[in-house]
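Inspection log for the structure reproduced underneath, given as structure tokens.
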Amino acid sequence: MKRFLIALTLSLTLATTPALAASPSVSVDGTPVAAYATVRQNTTYVALRPMAEALLEDAAVSWEGSCAAVRGTGLDLTASPGALYLESNGRALYIPYGVLLESGRTLVPVRVLAAALGAEVEWDSATGHVNVTTGTDAIPSADEQYDADTLRWLSHIISAESRGEPLTGKIAVGNVVLNRVAHSEFPNTIYGVIFDSRWGGQFEPVRNGTIYHTPTEESVTAAKLVLEGADVAGESLYFLAPTLTNNHWIMENRDYIMTIGVHWFYK
């Protein structure tokens, strides 16, 4: 009887447990592509090589050092396993859960890859099928996309405020700057926010001169990601490192959002 009950319970469990979703299928302009695809964190990832070759006629895919590279007409793309972004024509496109490497395949989110190639994605929620519609050109270059002064000053404040912090911490600092630009209580330009002199100045690096130091390479990347829309700080308008300052006004007067590295963020 005991064995019967165990078997019955197991059969009922299997009968009521939803089947695991099959790997999504992928097509380009309606034509099926034999590219490995999988879902991670509710995001459809695809194998870089076959998708790039299907999307760009003259795509040349190779492994360069620690990253996969795709070269072709109007395109210079690199993706490093573990990185939270891929680079396309000098631009940085955010990948919250990172570039993956599985069974020798470099996997990237299909929407991010499509954006890098100027394509669009259609997703069938019923079947999980993904169709990518090719565009006429790859995305504009960094020089065309970013205003030079905007990128410069955002990179400088990120570097001066978060040197040594993880990339997400750098992005969060940049998010605070852009949140202030959009907020009625602050200046409406990045330069204006950074050099806002009220209350003795808003940012310590402006007061001590470190704002003018050459930004780190990762800080420049973080600034590009912020300008591309990467957002990890939500509505945060303030941040501080409690262990590095005696001024805790923000902690006492603003609503806590989160902590990244040594920085606490508030709105």
Side-chain angles (χ1 to χ4, degrees), residues 10 13-14 17-135 138-139 166-168 170-171 217-218 221-222 224-225 228-232:
L10 179 59
T13 299
L14 293 174
T17 300
L20 294 176
S23 297
S25 57
V26 183
S27 62
V28 171
D29 294 329
T31 301
V33 177
Y36 175 77
T38 186
V39 176
R40 297 286 186 274
Q41 303 292 337
N42 295 318
T43 300
T44 300
Y45 276 76
V46 293
L48 179 60
R49 178 185 292 275
M51 284 302 296
E53 291 174 343
L55 286 164
L56 192 65
E57 288 185 359
D58 63 347
V61 185
S62 61
W63 190 259
E64 300 179 2
S66 61
C67 68
V70 182
R71 317 289 183 193
T73 301
L75 180 69
D76 185 351
L77 182 151
T78 56
S80 300
L84 296 179
Y85 61 95
L86 62 75
E87 291 186 283
S88 180
N89 294 346
R91 292 169 60 179
L93 304 181
Y94 189 47
I95 301 177
Y97 302 106
V99 177
L100 305 180
L101 183 64
E102 295 182 2
S103 302
R105 304 184 185 97
T106 301
L107 306 179
V108 297
V110 66
R111 290 190 184 276
V112 178
L113 180 60
L117 292 166
E120 296 183 357
V121 174
E122 300 169 338
W123 176 64
D124 187 327
S125 60
T127 65
H129 177 74
V130 174
N131 180 58
V132 182
T133 304
T134 55
I139 63 173
L167 178 60
T168 51
K170 292 179 171 66
I171 293 172
E217 182 177 345
E218 187 171 68
T221 297
K224 291 180 179 180
L225 289 166
E228 295 283 357
D231 184 2
V232 301

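Throughout, numbering of the chain's residues begins at 1 and tracks the sequence.
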Residues 38-61 vs salt bridge (Lys or Arg N to Asp or Glu O under 4.0 Å), sequence neighbours excluded, gives R40-E102, R49-E53
Not counting sequence neighbours, which residues clear side chain to side chain contact (heavy atoms under 4.5 Å, CB included) with [X]? List them please.
| X | result |
| --- | --- |
| P166 | T168, I260 |
| A68 | L48, W63, T106 |
| R111 | V121, W123 |
| L117 | L55, L75, L113 |

query: Roughly how far, to the nearest 0.5 Å, is CD1 of I139 from CG of N89?
result: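 Result: 5.5 Å between the selected atoms.
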**Q.** Spacing of E218 atom CD and L225 atom CG [to the nearest 0.5 Å]
**A.**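 If I round to the nearest 0.5 Å, the distance is 9.5 Å.
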For E217, check salt bridge (Lys or Arg N to Asp or Glu O under 4.0 Å) against everything at least two apart and list the hits.
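Result, salt bridge (Lys or Arg N to Asp or Glu O under 4.0 Å) vs E217: none returned.
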So, using salt bridge (Lys or Arg N to Asp or Glu O under 4.0 Å) as the criterion, who are the partners of E228 when residues are at least two apart?
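R91.
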Applying side-chain hydrogen bond (donor to acceptor under 3.5 Å, both in side chains), name anything that partners [X], two or more places apart in sequence or on another chain.
| X | value |
| --- | --- |
| E87 | none |
| D231 | none |
| S27 | H129, N131 |

Got L107 and L101 here, is their nearest side-chain heavy-atom distance under 4.5 Å?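 They are not in side-chain contact.
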Residues V99 and S80: closest non-hydrogen pair is CB-O, 3.3 Å
